[in-house]
Amino acid sequence: MNKQNSYYRVIDLPAGELHVYAHDDLFYAMGNKVLEMANNNLQIPGIRHMSYTPDAHVGVGTCIGTTAVWGTEDGYISPSIVGSDIGCGMRMHLTNLQGSDLKDVRLRRRLVKAIEKRIPVENHARGYFSDIWLEDVLRKGLHGLPGKYVPDSYTPRKATSLTHVENSRFSFRETELDRIPENLYHRAHRQLGTLGNGNHFIEIQEIAIEENKRDLAGQWGLKDGQIAVMIHSGSRSWGGAVNQYGGSQVAKTMSKLGLGTADPKLAFAPLQSDAGQSYANLMYSALNYAVVNRHLMAYAVRDAFKEVMGSKTELTTLYDLMHNYCSEETHGGEELLIHHKGTTRALPAGHSGNPAPYRETGHPALIPGSMGTASYLMVGVPEGAANYHSICHGAGRVRSRNATKQLVTVDEFASSMRIGQEDEIVLNTRALEALVDESPQAYKDVDQIIDSVVQARLADVVAKCRPLAAVKGV
DNA sequence: ATGTCC
C-alpha cells in the first residue's frame, strides 16, 4: 500500500505531506500555485491528511479537488476549504425510457422547454415554491417538505427518494440561524428550486454500462441505453450567507488565538471553539438547503417528462450526494472531520457508511463531465480507504472564464455541441455566447481524470452517461 | 458560485 507510482505520489512540502492522486501528465500540468496553496493549508494545526484528486485546480484559499482531514477532538474546521457553494453536489434519476425514445431532436427540444418552464435558470430567478417554509427546509432537510413534494414512499422497501440520498437531514443548533440577516433569508426562500449558473446543469443522458460491471449496474437498477437525468446544483445564496456570517466569526477567533498562514483568505478555527461550532452548525443548514434544492428541481423535471413523454414516465431516484462540505465520520475506529472541496465520497461494497439500499453494493458516486462530454457513475474500492474514500468531482477547470472566451469562438462551441446536426446536444438557450466560458475547452479531459482515479485505485467505473440535452443557467 | 457595485 501507499506505493508511489505514475498515478500516485507523496509531495514533501515544507509544512507537511501532500498526497496527489493523478497521472504524471496531469500532475505536471497543475502548476506551482496549487502546491503553494497546499503548503498554506498544511499549516493549519493538527492536519492528519491532505490530498489532491487529478481535477485539482486553484480556488479561493484552497484548491478545488482537496480532501483534508482532522480529528474531531483536537482538529480544525475551515470555511475556506468548504467554500461558499456549500452542499453543491449531484443528483441522478432513472427513467423507464430508452435512448431510441429521444432520437427525434424535436422531442429533446420539447423536453428542454418543458424543464425551463418549471425551473428558472436566469439571473435573479425566483422559484415557484412559496408554499414551502424555508425554516422547515433548513431545519429538517427533505423531511421538512410538504408531502406532495415527496412523491416516493418513506418506507425503506418502496422508497426511491429519501433512502437514496446520502444525507436527507442534518441536525444542528437552530439558534445559530439568528446570525443571518433577514433579507438574506428571504432571498434564499425565493431561490428554492432554481438552478444557478456557472457549471451547474440539468442534463438528459443515455447510460452505457461498463462490460465488467453489469451485475452491479443491474443491482442499482441501471439498464444499457436507459435515459437518465443528472442535476448539478447547490445551496444558491444561502451557502454564501453562511460562508460570510459563519466565516466572520471564525476570522475573529483566528486573530484572538493568533492563528494564520501566508494566505489571509484561508480561514479556520478549532472545531470545538464557539466559532467552529457556530460555523459547523450553520453549514449543516446549507447542506439541508442544497439537497432540498436538487430534490425540488428533480420534482419539476419529473413533471416536465410526464407532460412531454406521457404520464406513465417514471423518474426514480438513483442517488444524491455532495462534493463541497465537511462531515464527522468514523474511519478505522477514529472520529474524524473530513473536508471535501470539490471531492466526492465513494464508499466500497460492504462499508457501513453506505445508506441501507447500497450497503452491500457500495453507493453510486456521481461524477459530472463538462458540458457536451460524458458524465460517470463510479463505485468505491477498498483500497480507496487510503484517501478516506474521497475521489474526484469532475473534469476540473483548465482555463479561466475570460481566457476561454478569448480562445473559443461561438462557432467552435456550437460545433462541439453538434448544433444543427441530428445528434445535437440540445441547449436551453440559443444565446450560445453566454455559455462559451463553459465550453469543453475550459475543462480538463474528464476521461483522463476518470482513468487516473481508476488507475490510482480509488474507484471503478460502472457506467458512462452521454449527454443528449442540457439545461444551463444563463 | 453568487450578488453587488462600479
Side-chain angles (χ1 to χ4, degrees), chain A residues 37 55-66 78-91 119-127 134 138 180-203 230-248 265-267 279 282-283 285-294 296-297 321-326 339-344 368 370-371 393-405 434-439 442-443 470-474:
Chain A
M37 224 161 223
D55 47 337
H57 61 281
V58 171
V60 179
T62 301
C63 288
I64 291 98
T66 295
S78 169
S80 308
I81 302 184
V82 174
S84 64
D85 192 5
I86 303 168
C88 179
M90 309 301 304
R91 188 181 182 92
I119 300 176
V121 296
E122 68 280 9
N123 209 357
H124 301 301
R126 278 168 171 272
L134 179 65
L138 298 175
I180 311 289
E182 201 163 347
N183 61 324
L184 299 185
Y185 236 84
H186 293 308
R187 182 184 296 158
H189 186 218
R190 62 178 184 261
Q191 284 181 332
L192 265 178
T194 65
L195 180 61
N197 53 35
N199 60 3
H200 290 171
F201 65 73
I202 297 165
E203 258 184 23
M230 197 178 254
I231 298 175
H232 182 188
S233 187
S235 54
R236 308 292 281 112
S237 65
W238 184 255
V242 165
N243 186 52
Q244 188 183 336
Y245 289 91
S248 69
K265 288 198 169 127
L266 182 55
Y279 171 74
L282 279 174
M283 185 198 64
S285 77
L287 300 184
N288 282 339
Y289 185 107
V291 69
V292 167
N293 193 39
R294 285 188 293 273
L296 289 173
M297 283 188 277
L321 52 68
M322 306 163 288
H323 46 232
N324 291 344
Y325 68 109
C326 68
H339 288 68
H340 290 265
K341 183 174 186 123
T343 52
T344 308
S370 53
M371 196 175 14
H393 97 303
R397 202 160 255 286
V398 73
R399 51 179 60 85
S400 70
R401 295 189 180 282
N402 279 332
T404 307
K405 283 181 200 160
L435 293 177
V436 170
D437 56 4
E438 280 292 312
S439 83
Y443 288 90
V471 175
K472 296 281 292 185
V474 286

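Each chain gets a letter, A, B and so on, in the order the sequences are listed, and its residues count up from 1.
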Exercise for review: Check for a donor-acceptor pair, side chain of N293(A) on one end and backbone N or O of T194(A) on the other, with a separation under 3.5 Å.
Suggested key: yes
Review point. Taking only residues two or more places apart in sequence, or in another chain, which ones meet D85(A) in a side-chain hydrogen bond (donor to acceptor under 3.5 Å, both in side chains)?
Key: H200(A)
Point to revise | Spacing of W238(A) atom CH2 relative to dA1(B) atom P, expressed in whole Å | key: 21 Å
Review point. What orientation do H340(A) and Y325(A) show, parallel under 30°, tilted 30 to 60°, or perpendicular over 60°?
Key: parallel
Check your understanding: What does S84(A) touch in the nucleic acid at a heavy-atom separation under 4.0 angstrom: a base, only the sugar-phosphate, or nothing?
Key -> base
Check your understanding: Does a nitrogen or oxygen in the side chain of R236(A) sit under 4.0 Å from OP1 or OP2 of dT2(B)?
Key -> yes
Point to revise | Spacing between K341(A) atom NZ and dA1(B) atom P, to the nearest angstrom | key: 11 Å
Check your understanding: Which whole-number value in Å describes the distance from R401(A) CZ to dT2(B) C1'?
Key -> 11 Å
Check your understanding: Expressed in angstrom and rounded to an integer, what is the separation of R294(A) atom CZ from dA1(B) atom P?
Key -> 14 Å
Check your understanding: Expressed in angstrom and rounded to an integer, what is the separation of L435(A) atom CG from dA1(B) atom P?
Key -> 13 Å
Exercise for review: Measure from CG on N197(A) to P on dG3(B) and round the result to the nearest Å.
Suggested key: 8 Å
Practice item. Go through the structure and list residues passing side-chain hydrogen bond (donor to acceptor under 3.5 Å, both in side chains) with S78(A), not counting sequence neighbours. Key: none
Exercise for review: Round to the nearest Å and state the distance from H200(A) atom NE2 to dG3(B) atom P.
Suggested key: 11 Å
Practice item. Indicate, with a heavy-atom threshold strictly under 4.0 Å, whether G198(A) touches base, sugar-phosphate, or nothing. Key: sugar-phosphate
